[in-house]
Structures are given as C-alpha cells and as structure tokens.
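Input: a single structure, listed below in structure tokens.
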Amino acid sequence: MIEQAENARLSRRLATIQLDSPVTFDSETYHVKPPHQDQLIDLLRELGFTTLLKSFQPSFAPAETNEVKTELVQDEPSAQKFVAGLPKGGALGLQCLLSPGSSMQADVQGIALSTGDKTSFIPLDVRTYMRPITALLHDPTRTKVVHDLKATLLVFHRIGLTLAAPYLDTMVADYLLNPNRRDHQLETIAFEVLDHRLGTGQKENAAPQSLFDEDTGSREKAAEAASVLAKLAPALTERLSDQGSLTLFTNVEMPLVSVLAEIERNGFLLDVEALHRLSKELERDLDKMIETIEGLAGGEFNINSPKQLATVLFEKLGLRPIRKTKTGYSTDEDTLTQLATQHELPAQIVNYRSLSKLKSTYVDALPELVNPETKRLHTSLNQTVAATGRLSSTEPNLQNIPVKGEYGLRIREAFIAPAGHTLLCADYSQVEPRILAHLSQDPRLLAVFAKGEDIHMATAMEIFGLSASHITRDMRRVAKTVVFGIVYGISPFGLASNIGVSQAEAKKYIETFFEKFSAVRALMDRNIEEGKTKGYTTTILGRRRPIPELQSGDPTQRGFGERMAVNSPIQGSAADLIKVAMIDVNNALHHEMPHTKMILQVHDELIFEVPEKELAEAKHLVKTVMEETGKKLGLSVPLKVDLGTGHNWRVAHP
DNA sequence: GGGACAAGT
DNA sequence: ATGGGACTTGTCCCA
C-alpha cells in the first residue's frame with residue numbers, strides 16, 4: 001500500500017523532470033509482488049529462518065486438510081480393540097499431549113499412538129484401561145517413534161510409565177542428517193521428508209466434537225503428530241542408512257537418549273549456603289573495585305558496558321585503540337592486557353570483569369536453578385545442538401563451570417556429594433591427541449601412546465630437538481599449545497598470539513611439528529580434500545558434518561571451512577567415543593552397582609555420585625569400561641582414564 | 001534480537 | 001591494512 005503511493009508519487013515527479021538519458025520508468029516494475037511461495041519456504045528452511053518461516057506458513061495453508069482419523073480410547077474394551085486392530089510390529093508413533101507449562105513441571109494429559117494408518121488418542125485422567133496400552137509401550141517388536149524422546153522419557157517416568165526400546169527419535173535422526181541446522185522441529189522434518197504441513201489439520205475455532213469433548217484442537221494435533229511420526233520412521237531410517245549413519249543412530253544415539261534422561265533426572269547437589277556466602281564476599285570485592293576503577297577513570301560509568309568503557313579508555317584517557325569490532329573499539333581481555341602497559345585502569349577492568357562474570361553467571365544464578373522438589377541442579381543435556389557431535393548443556397550449563405582462579409575453584413567446591421556419598425570424576429587423558437594418532441597412524445605418535453609416554457614432553461623433544469632432561473616447563477607448554485593448535489587447524493597467527501611468540505617463530509614450530517609427524521599433515525590434507533570432494537567430513541563411527549564453506553569463493557570462508565574439516569573428525573570422533581563409554585558404563589552400573597549414579601558429562605569427563613562403601617568398586621568399573629571403549633571401537637592407541645574422588649567437585653577433579 | 005564478552009573442553 | 005584455532009552457553013548492554 002505504501003509502495004503504491006510512493007510509486008505514484010514518484011511517477012508524477014519523474015514526469016515533470018526533463019531527462020537527458022532515455023530512461024523509461026514503468027512504475028509497475030516496482031510493485032512488490034507476492035513471494036514465490038514454494039521457493040521462499042524452501043530457502044527459509046534451508047537457511048534455518050524458523051521464525052520467519054512460521055510467520056509465512058499460515059498464509060500458505062493448503063486447501064486440503066491433514067486431519068487424521070482418530071479413535072478415542074477411554075476404557076479397557078476400546079483399548080483392547082485398538083491394540084488388536086493394529087498390524088504386528090513396525091513403527092509406533094507416540095506423541096504426548098502435555099498440559100501447558102514448562103516441560104519439567106508439565107503433566108501428561110494424554111498420549112496419541114499411531115501406526116500410520118491407525119491412530120488413537122488416550123486421555124490419561126483415568127488409568128483403568130491402561131493395561132493393553134502399556135503392553136504396547138513395552139512391545140519390543142515395535143519401534144517407538146518419538147520426537148524428543150528424552151523429554152518423553154522424563155515425563156513418562158514422572159507419571160510412572162515406561163517406554164521400552166527400540167526407539168527412533170525423529171529429532172535426533174534429523175540431527176544426524178543435518179547436524180549444521182539448529183532447528184530440528186517436527187514441523188520442519190515432516191514438511192521436508194513427507195511434504196506434510198503439520199498443524200493444519202484442525203480448523204480455526206473448531207466446534208467441539210462429541211468425541212473430543214475437551215481441548216479438541218490439541219488432541220487432534222497430537223494425533224496428527226503421532227501419525228506423521230509413524231510415517232517418518234521408514235523414510236528417516238532409509239536416509240540414515242544411505243549416509244552410513246544408521247549404526248551410529250541405532251547403537252549409539254538412541255541408547256544414549258535414556259542415559260541422558262537418567263543423568264538429568266539424577267542431578268547434581270549444590271551447596272547453596274556456600275554460594276550465598278561467596279556472593280557476599282564477591283559483592284564486597286566488586287564494590288571496592290568499582291571505587292578504584294571510577295577513581296582511575298575520573299568519574300562514574302557502567303563498567304559492564306563495553307561501549308561506555310571504550311569511551312573512557314579511548315576518549316577520556318586517550319589510550320590508543322588496539323583493534324576494532326563491528327560496532328566500535330574492542331575492549332576484550334587481550335586488548336586490555338596490551339593497554340595495561342600504558343595505564344593502570346585496563347588491568348583493573350580485566351579483574352573486575354572476571355569476578356563480575358563469576359558472580360552473575362554462577363554464584364548468583366546457580367542457586368536459582370535448584371529444583372525445589374529434589375533440591376538438586378538438573379541440567380539439560382542436549383543431543384542435537386553441537387554440529388560436531390558433542391553434547392551441550394543448558395539451564396544451567398554445567399559444562400563451563402570455572403576451574404581456574406581462587407573464586408572459580410570456590411564455585412566448584414559448591415558442587416557436592418550428599419552425606420555418605422562421594423564424587424568420582426573420570427577424565428579421558430588427551431583423547432583428542434590420541435584420536436589424532438589413530439586417524440593419522442603417525443608412527444611416532446602411535447609409539448608415544450603405546451609406551452604411555454607424556455605426549456607434550458615427547459612433542460617438545462621433537463620440536464626443539466632436545467633430550468628430555470633439556471626440556472623446560474615453558475618448552476613443554478609451547479609443545480602442548482602446538483598440539484592443540486594442530487587439532488583445531490592451526491595458523492601461525494593464532495598460535496603466535498596464543499604462546500606469545502612472533503608469527504615467524506610460530507610458523508617454525510608448526511613446520512617442525514609436521515616434519516617430525518608427517519602423517520599428521522597427510523591426515524589434515526586428506527580431511528580437507530575429502531571435505532571438498534564429498535562435501536562433508538566423517539568420524540570413526542560414521543558421523544557426518546557437511547562443510548559448505550569449503551566451496552566458498554571467499555578465502556576467509558574457505559580457511560574457516562578447512563579448519564572445520566581438520567577439527568570436526570577429531571572432535572566428533574572423541575564425542576562418538578565418550579557416548580559409547582557412557583552407554584556401556586551406565587549399563588554396567590545398572591547391573592553391578594545400581595546405587596552409583598552418573599550425574600554429568602563434560603566432553604571428555606564423566607562424573608558420578610557414589611556411595612562411599614562402593615567407591616573402590618566403582619572406580620575400577622568406570623576406569624575399565626571407559627578404557628575398554630577404545631579397544632571396542634578399534635582404536636590403534638590405548639585410552640587412559642584419570643580418576644579423582646572427593647566430597648566436592650574441586651577436590652574430585654583429576 | 002544481536003553484539004561483545006567470558007566461562008568451559 | 002587487517003586478519004586466520006574448534007565447539008558451546010549465559011549475561012549484559014543497547015537499539
């Protein structure tokens with residue numbers, strides 16, 4: 001509308017202007033036309049513009065309806081009739097209908113079950129008719145197809161229901177098929193795989209039907225989802241099989257789901273009182289620091305605002321900016337450390353920032369997340385976020401609890417074991433370098449690990465060409481950083497800024513490393529080459545990661561892609577490995593020591609809560625099973641697990 | 001809602 | 001002339 005008025009105005013104006021060049025103006029050309037629906041939807045989905053996609057979806061609602069014919073089951077005979085009428089075995093779609101509210105507190109109002117052509121909805125207010133249904137939920141010949149299985153398992157557990165394997169979680173399946181995507185919603189998958197527009201089945205303001213007397217729309221929606229789930233199963237299975245990920249999916253990712261649910265349910269005990277005391281202490285320290293800082297700055301300002309800080313540093317105090325961000329001058333730690341030579345203020349800011357971070361993110365935030373019923377901290381371990389195959393942790397993120405600095409360690413101290421129990425931390429020692437050795441088959445690296453030598457010492461000896469007795473702590477530190485850099489896809493610049501040497505010096509280290517461990521260079525070249533020709537990289541268990549950046553014309557983008565191509569197989573294989581270990585350890589614990597509970601995974605580390613009496617036994621079991629995982633997966637190097645124990649995470653950390 | 005920054009592996 | 005380590009999540013500021 002606005003465009004039209006604008007166009008008309010413009011046409012009139014142009015008509016009054018004498019033009020020298022023969023430009024024709026046709027205002028029609030400038031009219032905004034409706035988008036090319038299908039192309040737009042495809043593009044938005046490909047780019048992961050979920051919110052935009054949703055905003056477009058309603059206007060594209062197709063004329064046809066996806067309504068699913070559904071039986072309502074609310075007594076034993078009808079339950080029996082439904083179950084008896086189902087074809088034997090195969091996929092059973094399951095969708096819970098939750099009461100409104102957060103997933104942790106929500107109640108199950110009912111469940112929809114479907115084989116694809118037969119669908120039923122079972123309200124869960126009365127339980128007398130549940131027997132045939134629970135038999136169905138435990139039928140080992142039926143694959144339970146669920147979207148976000150972990151959430152379903154958690155909710156089921158709360159209401160005393162169980163769901164037996166085998167499972168097919170469509171969310172996780174889609175993650176293995178498209179690990180770069182952030183969005184793995186059922187709606188998106190259904191549309192892409194089945195061309196089915198979910199949620200269009202129910203009409204707006206549908207009149208209540210006699211069959212579904214309450215909340216008709218939601219019940220229909222659950223039924224439709226269940227039916228779609230059943231239909232997705234064969235298609236997703238085929239896709240996974242085609243890309244060589246079906247074994248990973250079936251033998252690792254699916255069994256892992258219930259392990260993760262269990263970890264989340266177990267939770268971590270937190271010493272809230274200790275954190276409260278720490279908070280007071282930090283507050284005092286921070287107040288003092290604010291005074292000092294404002295004294296040095298010559299006035300009040302918001303230290304938490306990088307923008308205001310930049311004004312103080314670079315305008316008021318006239319310090320020379322080191323580098324720019326998109327929006328202004330950078331004030332990150334690296335910059336401030338450099339500025340520290342010119343003025344007292346920057347060092348104070350660095351200090352203030354680190355304490356302020358600890359206080360707001362951990363000390364004050366963690367107690368708020370303690371579940372009032374269990375009195376414990378229940379993180380969410382997400383299986384479908386990290387593109388490399390790692391897990392991620394949210395609400396709270398327990399994978400980035402501080403480990404450095406006095407205050408950082410005091411925070412770890414607040415993660416405790418209950419009376420009569422102790423924490424057991426089991427840490428894979430240098431998994432990534434070991435995987436590097438395995439993937440590259442570099443003879444020197446293999447030898448180092450076979451002999452159980454110190455990898456960083458060994459590389460230091462090679463890089464500097466010295467015998468063990470001549471390697472200083474600093475040389476070992478440099479070697480360690482070089483190995484890390486190699487794993488991440490190194491550049492001389494990155495390494496140089498990391499170890500504080502010149503770029504030329506860093507380049508020399510890298511070159512020497514590659515001379516001594518030439519199979520490692522060959523591996524990287526191979527990873528990049530494979531990424532370029534196939535479009536994706538793979539891990540030891542066949543996990544894929546597409547790297548479209550490798551095809552980019554932009555050298556920066558391509559460089560980025562090359563580093564991902566180097567890092568993803570290593571980081572991803574490490575993720576594969578620990579996932580297998582988690583499943584095996586959990587199984588062993590269930591069989592042999594049911595009172596020892598796994599309570600967290602932090603990428604290469606597993607944490608357990610153990611009754612003190614079982615500690616010796618648990619240590620042995622955990623270490624053995626974790627180290628056996630390497631042999632099980634055919635690794636060319638032994639795996640080493642370090643153990644630590646104690647009543648809090650600080651002392652238990654190896 | 002995006003950017004800057006900082007915490008972890 | 002400037003920029004090149006991977007993967008995350010949470011907090012804060014600011015438009």
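A note on names: the letters A, B, ... follow the listed sequences, proteins ahead of strands, and every chain is numbered from 1.
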Check every atom of [options] against the side chain of [X] and return the nucleotide holding the closest atom.
| X | options | result |
| --- | --- | --- |
| A:Ser491 | C:dG5, C:dC13, C:dA15 | C:dG5 |
| A:Asn397 | C:dT9, C:dG5, C:dT11 | C:dT9 |
| A:Ala386 | C:dT8, B:dT9, C:dC13 | C:dT8 |
| A:Ser392 | B:dG8, C:dG10, C:dT9 | C:dT9 |
| A:Arg353 | B:dC5, C:dC7, B:dT9 | B:dC5 |
| A:Thr388 | C:dC7, B:dT9, C:dG5 | C:dC7 |
| A:Pro306 | B:dC5, B:dA6, C:dT11 | B:dC5 |
| A:Lys307 | C:dC7, C:dG5, C:dC14 | C:dC14 |
| A:Val385 | C:dA6, C:dT8, B:dA7 | C:dT8 |

[X] has an atom [atom1]; how far is it from atom [atom2] of [N], in whole Å?
| X | N | atom1 | atom2 | result |
| --- | --- | --- | --- | --- |
| A:Arg563 | C:dC7 | CZ | C1' | 13 Å |
| A:Asn302 | C:dA15 | CG | C1' | 16 Å |
| A:Phe301 | C:dC12 | CZ | P | 17 Å |
| A:Ile547 | C:dA6 | CD1 | C1' | 11 Å |
| A:Leu381 | C:dT8 | CG | P | 15 Å |
| A:Lys357 | C:dC13 | NZ | C1' | 13 Å |
| A:Arg650 | B:dG8 | CZ | P | 14 Å |
| A:Lys359 | B:dA7 | NZ | C1' | 17 Å |

So [X], base contact, sugar-phosphate only, or nothing? Heavy-atom distance under 4.0 Å.
| X | answer |
| --- | --- |
| A:Arg558 | nothing |
| A:Gly559 | nothing |
| A:Tyr362 | sugar-phosphate |
| A:Glu605 | nothing |

Under-4.0 Å salt bridge between [X] and [Y]:
| X | Y | answer |
| --- | --- | --- |
| A:Arg277 | A:Glu413 | no |
| A:Lys532 | A:Glu549 | no |
| A:Glu281 | A:Arg410 | yes |
| A:Asp642 | A:Lys640 | yes |
| A:Arg376 | A:Glu609 | yes |

Q | Base of C:dG5 paired with side chain of A:Asn498 (donor-acceptor, under 3.5 Å) | A | yes
Can you tell me if [X] touches the phosphate of [N], counting only side-chain N or O atoms and a distance under 4.0 Å to OP1 or OP2?
| X | N | result |
| --- | --- | --- |
| A:Lys404 | B:dG8 | yes |
| A:Arg182 | C:dT9 | yes |
| A:Arg390 | C:dC7 | no |
| A:Ser305 | C:dC14 | yes |

**Q.** For DNA chain C, the residues among residues 319-339 of chain A that have a non-hydrogen atom under 4.0 Å from it
**A.**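 Heavy-atom contacts with DNA chain C come from no residue of residues 319-339 of chain A; none.
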(Q) What residues from residues 565-574 of chain A pass a heavy-atom cutoff of under 4.0 Å to DNA chain C? (A)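 Nucleic-acid contacts, sorted: A:Asn567, A:Gln571.
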Q: Determine the interatomic distance between P on B:dA7 and the same-named atom on C:dG3; round to the nearest Å.
A: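 Pairwise P distance, B:dA7 against C:dG3, rounds to 23 Å.
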Under a 3.5 Å cutoff, is there a donor and acceptor pairing between the side chains of [X] and [Y]?
| X | Y | answer |
| --- | --- | --- |
| A:Ser380 | A:Glu395 | no |
| A:His653 | A:Glu605 | yes |
| A:Arg545 | A:Tyr536 | no |
| A:Thr379 | A:Ser393 | yes |
| A:Asp576 | A:Thr539 | yes |

Q) Residues in ring-ring contact (aromatic ring centres under 6.0 Å, His included) with A:Phe517, at least two apart? A)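 With neighbours one apart ignored, the set is A:Phe513.
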Q) Dot-bracket, DNA chain C: Watson-Crick or G-U, under 3.5 angstrom, [ ] crossing, | other strand? A) .....|||||||||.
Q) Can you name the closest pair of heavy atoms from A:Ile416 and A:Asn648 and give their distance? A)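 Heavy-atom minimum between the residues: CG2-CB, 4.0 Å.
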Q. Do any pairs count as a side chain to side chain donor-acceptor pair (under 3.5 Å) and have a residue in residues 423-436 of chain A, sequence neighbours left out, and if so which ones?
A.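 Not a single pair qualifies under side chain to side chain donor-acceptor pair (under 3.5 Å).
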**Q.** Criterion side chain to side chain donor-acceptor pair (under 3.5 Å) on A:Tyr175 and A:Asp169, from CA distance to verdict
**A.** CA-CA 10 Å; A:Tyr175 165 69; A:Asp169 185 337; over 6 Å; no
Q: Please work out which of the three classes, parallel, tilted or perpendicular, describes the rings of A:His456 and A:Phe484, given edges at 30° and 60°.
A: parallel
(Q) Quick check against the 3.5 Å criterion: does A:Lys623 have a side-chain atom that pairs as donor or acceptor with the backbone of A:Val641? (A) yes
Q) Does anything in residues 505-539 of chain A reach DNA chain B, meaning a heavy atom under 4.0 Å, and if so which residues? A)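 Nucleic-acid contacts, sorted: none.
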(Q) Both A:Pro396 and A:Gln308 contact DNA chain C. Which one's nearest nucleotide lies toward the 5' end? (A) A:Pro396
